[in-house]
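A short write-up of the structure that comes next.
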2 protein chains.
Amino acid sequence: MAPNHEPVEGHMARPKREDINDVNRRNDLVIAAAMLFKERGYHGTTMRDIARATNMQAGSPFYHFASKQDLLFAGVEESLLGCLADLEAIDPQAMPALGYFRALVRAHLQRLLETQGGMVPMVVDEWRYLEGAQLEVVLAIRRRFEALWQDAFVRLKDAGHTKRSDPMACRFFLSALHGTVRWYRPDGPLSPAEIADELVDYTLCSAADVEDHYSR
Amino acid sequence: MAPNHEPVEGHMARPKREDINDVNRRNDLVIAAAMLFKERGYHGTTMRDIARATNMQAGSPFYHFASKQDLLFAGVEESLLGCLADLEAIDPQAMPALGYFRALVRAHLQRLLETQGGMVPMVVDEWRYLEGAQLEVVLAIRRRFEALWQDAFVRLKDAGHTKRSDPMACRFFLSALHGTVRWYRPDGPLSPAEIADELVDYTLCSAADVEDHYSR
DNA sequence: CCTACCGATCGGTAGG
DNA sequence: CCTACCGATCGGTAGG
């Protein structure tokens, strides 16, 4: 016994051999849980399911996490922060509005659809089963995420690529963006990057494009 | 004891007094269950929760439904068929493509967002917990639903109101349409009809509109 | 991390 | 529909 420390250890603690193992196993749990939550839903998944998927005994996950909710929170927070980091790594000043927007959509769909065996889609539906302070943390991250997209939309419109950049338009766009997790199949005909380009095209509205390059 | 008949009673059975009561109580259960499934998820809701919400004792819902899944199925199927009936009641021949499309979006958002105290949004997320034959039935209805929207999109493009009418574009649109259930609030500033008009505007892409009537 | 265990709850049933 | 009940399972804990 020892771990189960949410508030993380002291500063700069040089990890010893056992610590590394603990961290690895902890991470295995987060991923296995996220995958199961995605497939069967949070309440449809059992701590015993998660233990089995990680080759542990029924009570062992509680060595790493104090509760099932803490395990959900770890997965949701990690995924969301990962998404946000990807997007914030792209410099808006380094490229034109359209290129920036396309880079955002590509980065996000890559993260959403092909990270770690597909655990990230879980965040789209399952965050809502969090409560209290953990829910607040997640909502705060989501607000930063939405503000970033909102800004990108404003730039897009200022450059003449869309007719709207209001919050409602941004919401419609984000629904289409996140809706991909409900129909995307890894073995399907389109890669995440290709889907990204399709969505960018769908979202744009320049006069020139109305003369269809797209039939079918 | 008596009911609990899924395959419905004989043809044209004139309902007696008790039958009416059974039908009413059965319907109360479907609505209460759907509301709870929407709020807490299917697996996060207990048959006892549903019983309590209907002023029954713990075991009584099983007089009307053989299982929890049957109760879910009843709500999902009824909601989906209701949606489909609304849409099929609109005659495409009776109006121009744009008017038809707008009528569809309005009808659907009305059904989705303000029917029976808001039970319908449940179908967006919870149908996936169905299994076997019931799941197949629901997927079949959904295919009809999507085909209808696909046709509407083709008409929209033929009339020059969108640049795309391919299945992917239709999917993006439907995600935005159904995503409304995740942010719509009955006490919010916009009615379902107003949201419908916003979405129609967002989806259109005529050259004339690019000169923004919309700022912000 | 495993073993062994607990109290609570859950879906569902019998019998009227 | 209620009463009374059952077997199974669940989240979680103690103790090493």
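In the text below, chain A, chain B and the rest are named by the order of the sequence lines, each starting its count at 1.
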For this session: Calculate the interatomic distance between B:L71 atom CG and C:dC10 atom P; express it in whole Å.
Result: 16 Å

Exercise. Among C:dG11, D:dC2, C:dC1, which nucleotide sits nearest the side chain of A:H64?
Worked result: C:dC1

Problem set entry | Nucleotide paired to D:dT9 in any strand shown, Watson-Crick or G-U, under 3.5 Å | C:dA8

For this session: Provide, to the nearest angstrom, the distance between the OH atom belonging to A:Y63 and the P atom belonging to D:dG12.
Result: 18 Å

Exercise. Closest heavy-atom contact between A:H108 and A:C83?
Worked result: CE1-SG, 3.8 Å

For this session: Please work out if A:T45 contacts a base, only the sugar-phosphate, or nothing of the nucleic acid, heavy-atom cut-off 4.0 Å.
Result: sugar-phosphate

Exercise. Can you check the B:F62 CZ to C:dG11 P distance for me, whole Å?
Worked result: 7 Å

Seminar exercise, completed: Rounded to whole Å, CG of A:L72 lies from C1' of D:dG12 at a distance of 17 Å

Problem set entry | Separation of C:dG11 P from B:F37 CZ (nearest whole Å) | 9 Å

Seminar exercise, completed: Nearest-nucleotide check on DNA chain D, B:S60 vs A:G59; residue mapping nearer the 5' end is B:S60

Problem set entry | Any A:R48 side-chain N or O less than 4.0 Å from OP1/OP2 of D:dT9 | no

Problem set entry | CA sep, side-chain torsions, deciding dist, call: B:M56, B:D28, side chain to side chain contact (heavy atoms under 4.5 Å, CB included) | CA-CA 11 Å; B:M56 290 183 188; B:D28 292 345; 5.9 Å; no

Problem set entry | Closest listed nucleotide, where the reference is the side chain of B:M56 and the choices are D:dG11, D:dC1, C:dG11 | D:dC1

Exercise. Which whole-number value in Å describes the distance from A:D28 CG to C:dC1 P?
Worked result: 8 Å

Exercise. Over how many whole Å does the gap from A:I50 atom CD1 to C:dC1 atom C1' extend?
Worked result: 17 Å

Exercise. Touch check for B:T46, heavy atoms < 4.0 angstrom, all strands: base, sugar-phosphate only, or nothing?
Worked result: sugar-phosphate

Exercise. Is B:D22 salt-bridged to B:R25, cutoff N-O under 4.0 Å?
Worked result: no

For this session: With a 3.5 angstrom cut-off on both distances, give the Watson-Crick or G-U wobble partner of C:dG16, or none if there isn't one.
Result: D:dC1

Seminar exercise, completed: Rounded to whole Å, the CE-C1' distance (A:M47 to C:dC2) equals 15 Å

Problem set entry | Plane angle bin for B:F37 and B:Y42 - parallel if under 30°, tilted between 30 and 60°, otherwise perpendicular | perpendicular

For this session: Dump the intermediate steps for side chain to side chain contact (heavy atoms under 4.5 Å, CB included) on A:F173 and A:L199, then the final yes or no.
Result: CA-CA 9 Å; A:F173 164 77; A:L199 178 55; 3.8 Å; yes

Problem set entry | Side-chain N,O (B:Q57) to OP1/OP2 (D:dC1) below 4.0 Å | no

